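Report on the structure given below.
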Amino acid sequence: MRASKYFIKTMKETPAEAEVPSHVYLLRAGYIKKVAAGIYSYLPLGLRVLKNIENIIRKHMDEAGALEVLLPILTPAELWKETGRWDVYGKELFRLKDRHDRDFALGPTHEETITDLVRQTVRSYKDLPLNFYQIQTKFRDEARPRYGLIRGREFVMKDAYSFDISEEMAIKSYEIMKETYHKIFKELGLNYLMVEADVGAIGGKYSHEFVVMVPNGEAHIVYCENCGYAANVEAAKYEFELDKLPPEEEKPLEKVYTPDVKSVEDVTKFLNVKPNKIVKTLIYILDDGTPIAILVRGDRELNETKVLNYFGALDMHLATSEEMEKLGLVEGFVGPIGLDIPVYADRSIEDLHNFVVGANEKDYHYINVNMPRDFNPVDIVDFGTATEGDPCPVCKSPLKETTGLEVGHIFLLGTKYSEALKANFVDKDGKEKPIVMGCYGIGVSRLIAAAVEQNHDENGIIWTDNIAPFKLHILALNTKDKNIMEIAENIYNISRGLGIEVLLDDRDISPGAKFKDADLIGIPYRIIVGKGVKNGVVEFQRRKDNEKIEIPIDSVENKLKEIFGG
RNA sequence: CGGAGUGUAGCUCAGGUGGCAGAGCACGUGCCUUGGGAGCACGGGGUCGCAGGUUCAAGUCCUGCCACUCCGACCA
């Protein structure tokens, strides 16, 4: 491709809307253009990258035996009502009506649609297993779209769904997808981690996330360098055993005057105790209106996901000041003793002795509190958020914490959707059974952003070889110089003959502008045709390190074969 | 959804106390130049987010709305 005939629209300055590197460079280099918040057009360069990623995914999905389909974006409300998600999915589901006032939704995911297809077509165990996938645009009315392609309202996703006759077989399908995902992310050239994850609203038995390691990512994960355990902090088990404090003799319970001492930090200072001897009492209101109290050690953070899972709730919130008042509670001085709402404890306070809690009375705390002497929780559960330094639940080594971007998520769904939609099959024994499902997503457009987040420098993008829009960038530095142009054209033709995706910068602009654009666009390999041609050489430069080496013009073809294996 | 902020040329932005709509970059033409976003000259480009209001006069003041960005909540 010749740049003079292509669509290269770079920007010198950072658009005001962009904050994170991927957003900045994808806009500046002319890969994408914003249409509305969280909605982008892919320009020719951007589409090439998107297609490259799609094709790598497609290749591995096909190899794994999955079958590509294309489901509709526009889906009837009836299907969503059958599984209950018309109500549960909430505001994130884009809803619309047709001219007959019938309800529809723009698909944010396709469990309903694919299960509907399967229930209509699959009758016997002989039809199974099946794995359908599609690469398609998804719609989610995000509360807050942000960071360019990282969190959009319209985005491209690969979603796959497996259907098996038993959980045992479904686990096999799940394992095949897990391996396939590893192959995909390796081929994309990204530094990633597979982590144990929470199933969230999709539901199911267990799941894994694939997270591309980037600083300041949205996914918080802990991992163990010793044994390889890795998990999203939402899902990470907290290995409280090694974090236990030494046993102490129980001291008599005492109520102390603590004027205006509310937060853990206040209590720490006022009573001169460590945060791990203080117990926080958090009041939550579940989605059915039930208030609950949850106790966590002062130095630990509560994990709301674990609480939701424990109560089987979809939503909950910390009690507001008004709600606290209605329940007769004193903000800042809530405690479990004498509380008449159910009290649950995180395992961090199991075996804790002589600790501090609020006294349910303004300006008073209890000290030397002990369980079960002074109160007895309904249950003691792992409600904690794992954090750096916590012992690994597998091998007890200290965990490391890091952040990343979730680009893939696989779920063993079980029969949640097949039962709701009555997707059954007749087994060998002649009995009708629900199909056992799994679902597998990859954020295709988010991968573009993730790749840039992970691979860029102060000058622009540095694509990995397999996803770069072009693999070779030829810079003809002076278009008025016939000699330069002839040699550049010649190298361009040789490259094309070798099947290399090549971009020739033949625009009549200054050399500096060409270099700046080339850095911004981030094509991995570059040949510079400039004044060196007088001495029979051109330069070869890698975007990664910008190191230039001179090579004789007549050995360019061999060099290209060496790099691109032509 | 709560909090904060911003909307003026394609982009980045300036336009005290109301008084002819601006700059740099980008774009077009010409000259000149060709190894890290060159220079000179001329030129085109505006519903100042939208709608009301105050005023002789509104980019500027007032009211409402909309859009966008950031922080938070939320996020298969």
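Only this structure's heavy atoms are used, side chains among them; waters, hydrogens and symmetry mates stay out. All figures in this text were calculated on a predicted structure; none of them were measured in a lab. Naming convention: chains lettered A, B, ... in sequence-line order (proteins, then strands); numbering from 1 in each chain.
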Within the 4.5 Å heavy-atom criterion, are A:E196 and A:H208 side-chain neighbours or not?
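Yes. Closest side-chain heavy atoms under 4.5 Å.
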Determine the Euclidean distance between corresponding [atom1] atoms of [M] and [N]; express it in Å to zero decimal places.
N	M	atom1	result
B:rG30	B:rG44	C1'	15 Å
B:rC25	B:rG3	C1'	35 Å
B:rC48	B:rA58	C1'	11 Å
B:rG39	B:rU33	C1'	8 Å
B:rG43	B:rA26	C1'	14 Å
B:rG15	B:rG59	C1'	8 Å
B:rG49	B:rU60	P	8 Å
B:rG7	B:rG16	P	13 Å

For [N], give its Watson-Crick or G-U wobble partner with both distances under 3.5 Å, or none.
N	value
B:rA4	B:rU69
B:rG19	B:rC56
B:rG39	B:rC31

Let me spell it out: for each of A:K33 and A:E406, pick the nucleotide of RNA chain B with the closest heavy atom. Which residue's pick is nearer the 5' end?
A:K33
Please name all residues satisfying side chain to side chain donor-acceptor pair (under 3.5 Å) with A:H473, sequence neighbours left out, ordered by chain then number.
none
When you check the side-chain N and O atoms of [X] and [Y], is any donor under 3.5 Å from an acceptor?
X	Y	answer
A:T115	A:E111	no
A:Y223	A:T402	no
A:D116	A:T113	no
A:E406	A:H409	yes
A:Y40	A:E154	no
A:Q136	A:D159	no

Spacing between [X] atom [atom1] and [N] atom [atom2], to the nearest angstrom:
X	N	atom1	atom2	result
A:M11	B:rC13	CE	P	12 Å
A:E218	B:rA73	CD	P	11 Å
A:R28	B:rG10	CZ	C1'	16 Å
A:E234	B:rC75	CD	P	8 Å
A:L318	B:rC1	CG	C1'	16 Å
A:H220	B:rC75	NE2	C1'	13 Å
A:E142	B:rA73	CD	P	15 Å

Is a side-chain N or O of A:S162 found less than 3.5 angstrom from the main chain of A:G438, in a donor-acceptor match?
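Looks like yes, one N/O pair under 3.5 Å.
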Under 3.5 Å, which protein N or O atoms sit close to an N or O of nucleotides 25-28 of chain B? Give each pair with its distance.
unit_1: B:rC25; atom_1: O3'; unit_2: A:K12; atom_2: NZ; d: 3.3

Under 3.5 Å, which protein N or O atoms sit close to an N or O of nucleotides 6-8 of chain B? Give each pair with its distance.
none

Describe the nucleic acid contact of [X] in one word from base, sugar-phosphate, nothing, applying a heavy-atom distance below 4.0 Å.
X	answer
A:D517	base
A:L520	base
A:M157	base

Picking from B:rC75, B:rG37, B:rC11, the nucleotide nearest the side-chain atoms of A:P15 would be B:rC11
Protein-nucleic acid N or O pairs under 3.5 Å, nucleotides 66-70 of chain B:
unit_1: B:rC68; atom_1: OP1; unit_2: A:A37; atom_2: N; d: 2.9
unit_1: B:rC68; atom_1: O3'; unit_2: A:K34; atom_2: NZ; d: 3.0

Identify which one of A:D505, A:T479, A:D506, A:D508 satisfies the side-chain hydrogen bond (donor to acceptor under 3.5 Å, both in side chains) criterion when paired with A:S4.
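The residue from A:D505, A:T479, A:D506, A:D508 that satisfies side-chain hydrogen bond (donor to acceptor under 3.5 Å, both in side chains) with A:S4 turns out to be A:D506.
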Run A:H182 and A:Y192 through side chain to side chain donor-acceptor pair (under 3.5 Å) and show every step you take.
CA-CA 9 Å; A:H182 280 299; A:Y192 73 98; 2.6 Å; yes
Test of ring centre spacing under 6.0 Å for A:Y344 and A:F311:
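Yes, ring centres under 6.0 Å apart.
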When the ring centroid of A:Y25 is compared with that of A:Y31, is the distance short of 6.0 Å?
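Not under 6.0 Å, so no.
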Could you walk me through whether A:Y161 and A:Y417 pass the ring-ring contact (aromatic ring centres under 6.0 Å, His included) check?
CA-CA 11 Å; A:Y161 308 88; A:Y417 293 92; 8.8 Å; no
For A:E175, salt bridge (Lys or Arg N to Asp or Glu O under 4.0 Å) partners two or more places apart:
A:K178
Run A:L43 and A:I32 through side chain to side chain contact (heavy atoms under 4.5 Å, CB included) and show every step you take.
CA-CA 5 Å; A:L43 307 185; A:I32 57 171; 5.7 Å; no
Quick one, give me the B/S/- string for nucleotides 30-35 of chain B, reading 5' to 3', where B means a protein heavy atom under 4.0 Å from the base and S means that only happens at the primed atoms, P, OP1 or OP2.
---BBB
